[in-house]
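Step one of this worksheet: look at the structure below.
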2 protein chains.
Amino acid sequence: MHKTVFATAAALALSSTLSLAQDAPAVSEPRHVILIIGDGMDEQQVTIARNYLKGATGELLLDKMPVRGASQILTVEDKVNGKPLYVADSANTATSMATGVVTSPARIGTTAGSDQDIPTIIELAQTAGYRTGIVSTASITDATPSSFAAHVALRFCENPDQIEKVEYKGIDLGGCPQDMKKNGGPGSISEQLAVSGVDVLLGGGSQHFTPMAEGQNKTVLEVAQDEGYQILQNADELTAARPGKPLLGLFSPSTMPVRLQGEGGRISEQPEPSLLNYVHDYLGDVTLPESMECEPNPEFAAVPTLKQMTDAALTHLAQDNDRGFFLTIESASIDKQSHERKPCGSIGEVEQLDEALASALAFADKNPRTLIIVTADHSQAAQLLAFPSMFAKYPIPIYSPGHVSVIETPEGGAMMVNYATSNFIMEEHTGAAVPLYANEEGEGLVPPYLRQPEIFGIMKAYLGL
Amino acid sequence: MHKTVFATAAALALSSTLSLAQDAPAVSEPRHVILIIGDGMDEQQVTIARNYLKGATGELLLDKMPVRGASQILTVEDKVNGKPLYVADSANTATSMATGVVTSPARIGTTAGSDQDIPTIIELAQTAGYRTGIVSTASITDATPSSFAAHVALRFCENPDQIEKVEYKGIDLGGCPQDMKKNGGPGSISEQLAVSGVDVLLGGGSQHFTPMAEGQNKTVLEVAQDEGYQILQNADELTAARPGKPLLGLFSPSTMPVRLQGEGGRISEQPEPSLLNYVHDYLGDVTLPESMECEPNPEFAAVPTLKQMTDAALTHLAQDNDRGFFLTIESASIDKQSHERKPCGSIGEVEQLDEALASALAFADKNPRTLIIVTADHSQAAQLLAFPSMFAKYPIPIYSPGHVSVIETPEGGAMMVNYATSNFIMEEHTGAAVPLYANEEGEGLVPPYLRQPEIFGIMKAYLGL
């Protein structure tokens, strides 16, 4: 993003805000939007979590939501008028929801090809006098949260040390030199968040605030403090935080620890065919991974839960606020644990989302003009697989070519979860439309089917932006 | 199913009908239920079809349905009070929708473990004076269609030659000896359909009607003719069929040919890593299957479309009918083509479903008391995968461990479809909750979330059964 482009985008944001302010309904009571994003939370993930947490006939809180639809993901090549791509990442999908604009993979709040900054729902809400908040179990600088308040060409440009050129194990992943301040840009993601004025920023990612801010003699965290942020480092500080000053809670160096893990930390494994099976597919036999329960991840106790962060955000945003707020909440590791083939981790993160939803619904009970939307950004690799196989009667070894876990459910069943999109250490996203839910306030606003960028328009209209 | 058990089930059906008849609302105008089942039509399949048929920003007719929800699949082990299983087949899922009862895999209209016949929505509707119909692109004796009007312990007992013991390539798949007439049962599926009194039976599966009926000196087809069925063998006969006599249309020996196929009949293939990649995952390279378009399957021209069958069924069921009807329509090969790793086949079958839905909606426009429900029975293997890979920047070969197709879309994109649930010649089903849609008439009746057997209750209540 270049200086000139920034000016254009700012003008765009301004004109957009002005014209919308004229159209805005006369709002007599505060209005609130809570957008909850389950990263990678597709129907497979929801079903796997439901079966484990509530039993196959049980119900998540999600299932009780009165409005239900599907959201079609859109993304394009990184060029002007690029062709459609059919599988998205968390950067372009969050940008879709935050800005209403379809962009290319890995972009944060910027346009495909032309690299223009796009005004986000948070920026529009701020201009219109709303309070704003971002809560995530990922680094607050990660793709999903940051797309609501930052603008860079590449999601990995999370801090000043990681903006000019991003390397991972010696592999050049690109960079955002055009976004550096010395080139007229707004700096890395953490630098942008530090001066964003977003009232509540809660999540992981403290490591992205310790580098020195570009061209300044202080760290990014010190920049945030100078901007008035209260810095919070643990659940006690979160609980004790007083309203009146914006919050920056950074509860872990990177992604926050998840609630559940496989027994002894086990993850999915490849089925092991016997030697004879290598001779012919129909010979020999196969050993599947032993079944396991999910168990608490001991590291989880050290951080606040998503519900605790949500409760704190709601308290802070609602206090003495006669205008209202926009809050987005991400349960990030449904996705991240699925990349790493850890079904228990994903299950625990759906549970965290469901608990955060409970807090949001409780708030909406007391504050009727609260629109709650819950959705995912994209679908993921995990599949719930037949165990035993549908073809178990055939006297031959039948098994997934990928990695599987067999999870014992509390109701006495056994779920096989399959990860088979990639030979790499990380599974791929998939491209299905994702679940979309809303509370009563969404009736008539959230349709049964939409394209993901339309979520932006619904929220914008609700807030009269 | 035994004679004594049949008596019990019949009594159950009777008492159920009686008590329900008392509760039934006074119906002054005809009521109709059209249940459209996309076999294996999960969100991945719908998205893949949408992207191909309408473009990523386009809409299927499905997407315009005003009511949208999710249906949680339930199935259990084959014993009384068996534990839950988390992935279903088409027999138990169709039985769930047809009877409201959760049963075990491969069962048609019978209970898990106790093997009792369960009254179906079609049997209840017949008793209450409604006309009934079943349309499918599978054999009409296949699991989904037959579960609405037949009762056997095992789905493969499709005809009299295939009831005592079912073998496939020398593998014993079981049988339904208890369902044979000589043992007091109602016979094989085709024999049951031949005497079912269902007004319209249209689909494939003529081979299941050519065997001699058990204990009779005539074929199953002759039994059906004696019962008054007009036998139809092609689209011309279907068009020419006059109302007044029940229809048995058998348009192909087994599953009907599908509309689309891969170029030159190509199906998904395994990525081919180079020799060096076998030495280490990070070495060498990989060759993916060449991309292809979908093309018309020449065999499809020989059979009526699902829309043609639907139109004929609607005409026949509605003619001079002041009571109403129950009609179920299955697009079967979304599932079957996915088992065989043929994405183009599945896409064409979603298109057929969408066209049949158009006919159903047109009927409902003229007949307002028509409840249309569209859903799937279970989810399937296919996944829409990132192409190129999300990790394409890493200088190592990255590929699915399963079979993939790269499909060129008419809008100029490329979709990679992944099948990676099994090393076997057939892919497995998966266990996610499936899409659920309804027309305006379903508003307030079809909730945003339900368990699959509840679909039976909704239809039953709507018809006042």
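In what follows, chains carry the letters A, B, and so on, assigned in the order in which the sequence lines appear, proteins first and then strands, with residues in each chain numbered from 1. In this text the structure is predicted, and so the values were computed from the model without any measurement.
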Between chain B and each of [options], count heavy-atom pairs under 4.5 Å; write down the option with the most.
options                       : result
A/G174, A/A70, A/P388, A/A106 : A/A70
A/T57, A/N423, A/T47          : A/N423
A/T409, A/V286, A/L436, A/D89 : A/T409

Minimum heavy-atom distance [X]-[Y], with the two atoms named:
X      : Y      : answer
B/A420 : A/P401 : O-CD, 3.5 Å
B/P448 : A/P66  : CG-O, 3.2 Å
A/Y86  : B/A56  : CE2-CB, 4.0 Å

Which atoms of [X] approach chain A - backbone, side chain, both or neither, heavy atom under 4.5 Å:
X      : value
B/I396 : side chain
B/I171 : side chain
B/H339 : side chain
B/P105 : neither

Rounded to the nearest 0.5 Å, how far apart are [atom1] of [X] and [atom2] of [Y]?
X      : Y      : atom1 : atom2 : result
B/D63  : A/R451 : CG    : CZ    : 8.0 Å
A/N418 : B/E428 : CG    : CD    : 9.0 Å
A/M415 : B/L85  : CE    : CG    : 12.5 Å
A/K393 : B/F156 : NZ    : CZ    : 7.5 Å
B/S400 : A/E427 : OG    : CD    : 9.0 Å
B/S422 : A/F391 : OG    : CZ    : 6.5 Å

Quick one: which of [options] has the most heavy-atom pairs under 4.5 Å with chain A, could you say?
options                      : value
B/V434, B/D281, B/L173       : B/L173
B/T421, B/D42, B/L450        : B/T421
B/R50, B/M416, B/E411, B/E59 : B/R50
B/S389, B/G402, B/G69, B/A88 : B/S389

(message) Within a 6.0 Å radius of atom NZ on A/K64, are there more than 12 heavy atoms belonging to other residues, nucleotides or ligands?
(response)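 Yes - once you tally the heavy atoms of other residues, nucleotides and ligands closer than 6.0 Å, there are more than 12.
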(request) Take B/Q380 and A/Q383 through the test side-chain contact (heavy atoms from CB on, under 4.5 Å) and record every step on the way to the result. (result) CA-CA 9 Å; B/Q380 248 288 8; A/Q383 293 175 306; over 6 Å; no
(request) Output, in order, the C-alpha distance, side-chain angles, deciding distance and verdict of side chain to side chain donor-acceptor pair (under 3.5 Å) for A/Q72 and B/N51. (result) CA-CA 10 Å; A/Q72 164 85 345; B/N51 290 341; 3.0 Å; yes
(request) Determine, stepwise, if the pair B/S379 / A/Q44 fulfils side-chain contact (heavy atoms from CB on, under 4.5 Å). (result) CA-CA 9 Å; B/S379 59; A/Q44 297 275 353; 3.8 Å; yes
Where on [X] is there a heavy atom nearer than 4.5 Å to chain B: the side chain, the backbone, both, or neither?
X      : value
A/Y282 : side chain
A/P397 : backbone
A/L74  : side chain

(request) I would like to know whether B/F424 and A/Y394 meet side-chain contact (heavy atoms from CB on, under 4.5 Å); could you show each step before the answer? (result) CA-CA 10 Å; B/F424 189 47; A/Y394 293 73; 4.0 Å; yes
